[in-house]
There are 2 protein chains.
Amino acid sequence: MEELEFENSPSKEIDEETLFIVTQTFKALGDPTRVRILHLLFQKECSVNEIADTLDIRQSTVSHQLRFLKNLRLVKYRRAGTTLYYSHDDEHVMLILKQMIDHACHS
Amino acid sequence: MEELEFENSPSKEIDEETLFIVTQTFKALGDPTRVRILHLLFQKECSVNEIADTLDIRQSTVSHQLRFLKNLRLVKYRRAGTTLYYSHDDEHVMLILKQMIDHACHS
DNA sequence: TGGTTATATGTTAATATGTTCATATAAGCA
DNA sequence: TGCTTATATGAACATATTAACATATAACCA
């Protein structure tokens with residue numbers, strides 16, 4: 001069950017919907033700004049301005065990218081007054097990100 | 001050593017070079033054509049025309065994308081006469097691709 | 001209600017990306 | 001050498017992506 005083989009389609013093409021989700025998700029991880037945001041959220045819940053200040057990115061850019069990540073359900077938020085605290089929302093994808101970072105470090 | 005925590009930089013930013021490699025690699029996986037090619041190469045070694053025919057993509061497109069993947073050392077090839085047989089060249093990244101496909105299937 | 005702070009949104013411009021066409025290269029063979 | 005097949009390359013085009021700016025919304029508080 002856990003060999004290095006594609007579960008659904010051994011020797012067949014990936015179905016279109018899966019392909020779409022896969023590429024969309026990887027696309028999300030294919031941008032430095034989004035990776036930096038996710039890496040930060042991996043460590044702790046952050047408000048939008050906190051992210052912007054920590055990473056030295058403009059607030060609107062952070063907000064746009066958070067929306068992007070939210071659409072893919074990679075992040076979520078809770079409200080506290082006017083402040084929105086964002087956190088990651090997909091353990092599996094975060095684990096994949098971690099793996100890739102480790103992989104890149106050791107190469 | 002294998003907890004869900006970023007090895008090099010707990011509570012720090014990813015270094016620029018690592019970030020570059022990570023995002024480049026994810027970018028490679030963020031395109032349907034390249035994912036289809038890699039998925040095919042996961043199953044077996046293929047010539048360029050074989051890939052083009054199997055996936056119904058133009059030869060030049062395949063060649064361009066293979067160069068892209070080769071630059072990132074995600075694929076390699078061996079020559080047999082005029083034919084080049086491509087195969088995948090990064091077990092770890094292929095495993096990550098498999099994980100994401102499984103993840104997408106089950107979501 | 002009016003002011004303040006936090007965040008979101010719309011628009012735009014610059015850049016990056018992916019595919020196609022046409023053509024070049026390179027190996028094998030008669 | 002000349003022909004054929006397999007693959008690579010370059011240029012052009014259309015589209016997608018990103019960040020920036022300006023502005024809107026939304027919640028809180030005096």
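All of these numbers come straight from a predicted model, not from anything done at the bench. Every chain is numbered from 1 and lettered A, B, ... according to where its sequence line falls, protein lines coming before strand lines.
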Separation of [N] [atom2] from [X] [atom1] (nearest whole Å):
| X | N | atom1 | atom2 | answer |
| --- | --- | --- | --- | --- |
| Arg78(B) | dA27(C) | CZ | P | 16 Å |
| Tyr86(A) | dT7(C) | OH | P | 8 Å |
| Leu55(A) | dT18(D) | CG | P | 16 Å |

* To do: Indicate, with a heavy-atom threshold strictly under 4.0 Å, whether Ser60(B) touches base, sugar-phosphate, or nothing.
  =>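 Touches a base.
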
* To do: Look at all strands and tell whether Tyr85(A) reaches a base, only sugar-phosphate, or nothing, counting heavy atoms closer than 4.0 Å.
  =>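 The residue Tyr85(A) makes no contact with any strand.
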
* Among side-chain atoms of His103(B) and Gln99(B), is any donor-acceptor pair under 3.5 angstrom? -> no

* Asked: Between Tyr86(A) and Tyr77(A), is the ring centre distance below 6.0 Å?
  ->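 Between Tyr77(A) and Tyr86(A), which both carry aromatic rings, the centre distance is below 6.0 Å.
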
* **Contact residues, residues 61-77 of chain B to DNA chain D [heavy atom, < 4.0 Å]** => Ser63(B), His64(B), Arg67(B)

* Interface residues of residues 25-35 of chain A with DNA chain D (non-hydrogen, below 4.0 angstrom) -> Lys27(A), Asp31(A), Thr33(A), Arg34(A)

* Does the side chain of Ser87(A) reach to within under 4.5 Å of the side chain of Leu41(A), using non-hydrogen atoms? -> no

* To do: Grab the two heavy atoms, one from Val75(B) and one from Leu66(B), that are nearest each other, plus how far apart they are.
  =>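 Answer, listing the atom of Val75(B) first, then Leu66(B): CG2-O, 3.9 Å.
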
* Asked: How far apart are the closest heavy atoms of Leu38(A) and Leu74(A), and which atoms are they?
  -> CD2-O, 4.5 Å

* Asked: Are Lys44(B) and Glu50(B) close enough for a salt bridge, meaning some N to O gap below 4.0 Å?
  -> yes

Looking at [X] and [Y], would you say the former's side chain and the latter's main chain have a donor-acceptor pair under 3.5 Å?
| X | Y | value |
| --- | --- | --- |
| Thr18(B) | Ile14(B) | no |
| Arg36(A) | Leu19(B) | no |
| Thr23(B) | Phe20(B) | yes |
| Thr61(A) | Ile57(A) | no |

* Side chain of Leu84(A): nearest nucleotide among dA8(D), dT7(C), dA6(D)? -> dT7(C)

Every protein N/O within reach of nucleotides 23-27 of chain D N/O, cut-off under 3.5 Å:
none

* To do: Return no unless some side-chain N or O of Arg58(B) is found under 4.0 Å from OP1 or OP2 of dT20(C).
  =>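 Result: yes.
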
* To do: Tell me whether the OP1 or OP2 atom of dT5(D) has a side-chain N or O from Asn49(B) closer than 4.0 Å.
  => no

* Please determine if Arg79(B) forms a cation-pi arrangement with Tyr85(B), meaning its NZ or CZ atom is less than 6.0 Å from the six-membered ring centre and no more than 45° off the ring axis. =>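 Ring-cation test returns no.
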
